[in-house]
Protein chains: 2
Amino acid sequence: MFSKSTEYALRATIFIARNSSADTKVSIQSIAEGIGAPKPFIAKILQQLSNKQNQVISSTPGPSGGFFITKEKRSKPIYIVIEAMGDSTIIENCVLGLPNCSDAAPCSMHKVYKNIRKDLLSMFKDRTIDEIAKSKDRLIPTDFSCKE
Amino acid sequence: MFSKSTEYALRATIFIARNSSADTKVSIQSIAEGIGAPKPFIAKILQQLSNKQNQVISSTPGPSGGFFITKEKRSKPIYIVIEAMGDSTIIENCVLGLPNCSDAAPCSMHKVYKNIRKDLLSMFKDRTIDEIAKSKDRLIPTDFSCKE
DNA sequence: AATATTAAAGATAATTTTATCCTTAATTTT
DNA sequence: AAAATTAAGGATAAAATTATCTTTAATATT
Ligand code: SF4
Ligand code: SF4
């Protein structure tokens with residue numbers, strides 16, 4: 001559904017929400033291992049999630065530094081991750097790729113897609129980061145036992 | 001949601017279903033114009049939709065040749081277009097990009113995504129090409145008046 | 001059979017996405 | 001203050017996607 005970048009971004013954000021607090025930060029290394037992503041690539045994504053415009057996650061350099069997520073951001077919808085990655089069009093745009101999508105100017109799949117899109121959007125806009133992080137289900141390809 | 005190729009493929013297939021019959025075929029030129037796609041690119045996509053493995057649409061070369069769709073294929077689900085373009089993973093795979101997705105090995109968004117994915121899949125697998133083609137809603141970016 | 005028309009096929013180019021690497025800056029610990 | 005640790009930033013590379021072009025093959029019309 002999403003780009004690889006956004007998949008990693010979602011997994012990384014959930015991982016950070018689970019494994020960090022005010023005084024326990026997580027390193028790029030442990031995030032990369034925790035979600036099964038290439039370290040240099042996830043580093044770039046973390047950068048994007050924590051830059052001036054986005055600030056979905058926070059970071060501090062230096063020893064015992066790393067990434068964490070503030071209480072304020074924890075209660076935001078996971079949608080902010082998708083937005084920060086620039087992938088929100090995937091769930092917002094027309095299935096047929098037409099611009100100016102609306103009930104007034106419907107594409108040929110409008111009627112059948114409309115409600116599914118609404119559900120998709122509300123899934124990402126109504127669920128908070130903390131809510132998703134709570135589940136403890138897996139975030140990494142090979143890990144099949146994180147739930148038990 | 002889908003790749004540009006698949007968006008064009010869906011629009012082209014619906015366009016052909018609307019504008020062709022056993023004796024009226026449509027040319028690449030008129031398809032490109034009818035859906036607002038670059039002609040050389042849509043030519044490649046039509047090729048892929050009509051090749052030996054896929055055969056979603058059919059074609060004949062020569063004067064008064066062009067593309068058409070058989071009665072048999074008209075009654076197939078639009079899912080076959082997505083499959084032919086190799087984009088079915090987009091609606092089948094895990095939102096978080098994890099392999100071996102199942103209730104037994106759920107990812108951290110499984111619970112909230114499961115039913116939406118089911119709806120997405122049934123939308124593409126239960127609706128036939130003819131059913132979608134019937135709507136007469138727009139297939140082209142600039143055309144805002146095809147419904148009236 | 002010759003000609004005109006149309007798609008098929010394959011080569012190529014541009015762009016975007018994905019991934020990696022190396023240097024710099026910030027922070028903490030000693 | 002010096003050393004160690006960690007992320008930030010920027011440059012580069014590889015791969016996939018999107019787009020274009022040219023030649024060839026097939027078919028119908030004359
Ligand atoms: S399907 Fe309808 S609602 Fe969905 S995008 Fe196309 S026009 Fe818009
Ligand atoms: S969300 Fe659940 S069902 Fe959907 S993909 Fe991830 S594991 Fe599979």
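A, B, ... follow the sequence lines: proteins, then strands. Residue 1 opens every chain.
Inter-residue side-chain proximity for B/V95 and A/F124 is flagged as met; some heavy-atom pair is nearer than 4.5 Å. Considering only heavy atoms from C-beta on, B/C94 stays 4.5 Å or farther from B/Y113 through its side chain. For the pair B/T6 and B/I90, the minimum side-chain heavy-atom distance is 4.5 Å or more.
Of the options A/R18, A/K73, A/K71, A/R74, a side chain to side chain donor-acceptor pair (under 3.5 Å) to A/D130 is made by A/R74 and by none of the others.
One cannot find a donor-acceptor pair under 3.5 Å joining the base of C/dA7 and the side-chain atoms of B/Q47.
Looking at B/S30, its side chain does come within 3.5 Å of a backbone N or O of B/S27 through a donor-acceptor pair. The main-chain N or O of B/D119 is found under 3.5 Å from a side-chain atom of B/S122 such that the two form a donor-acceptor pair. A donor-acceptor pair under 3.5 Å is formed between the side chain of A/N51 and the backbone N or O of A/Q53. Remark: side-chain polar atoms of B/R138 are paired, donor with acceptor, to backbone N or O of A/A105 under 3.5 angstrom.
The phosphate of D/dT6 (OP1 or OP2) has no side-chain N or O of A/S59 nearer than 4.0 angstrom.
Regarding B/I45, its CD1 atom lies at a distance of 16 Å from the C1' atom of C/dA9, rounded to whole Å. One interatomic measurement links the two molecules: CG of B/D87 to P of D/dA16, which rounds to 15 Å at whole-angstrom precision. Taking atom CD on B/Q48 and atom P on D/dA19, their separation rounds to 14 Å, with Å as the unit. As a whole-Å value, the separation of A/I31 CD1 from D/dA7 P is 7 Å. Going from atom CD of B/Q53 over to atom P of C/dA8 covers 14 Å, rounded to whole Å. The CG-C1' distance, from A/L46 to D/dG9, rounds to 14 Å in whole Å. Atom CD1 in A/I28 sits about 4 Å away from atom P in D/dA7, given to the nearest Å. Rounded to whole Å, atom P of D/dT6 lies 16 Å from atom CZ of A/F68.
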Inset, instruction - Going 5' to 3' through nucleotides 17-30 of chain C, assign each nucleotide B (protein heavy atom under 4.0 Å from a base atom), S (under 4.0 Å only from sugar-phosphate atoms) or - (no protein heavy atom that close). - result: -SBB-----BBBS-
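Between A/E131 and A/K134 there is no salt bridge, since none of the side-chain N atoms of the basic residue sits less than 4.0 Å from a carboxylate O of the acidic one.
Each end of the helix from C/dA1-D/dT30 to C/dT30-D/dA1 gets its own rotation axis from five pairs of C1' atoms, and the angle between them is 10° to the nearest 10 degrees.
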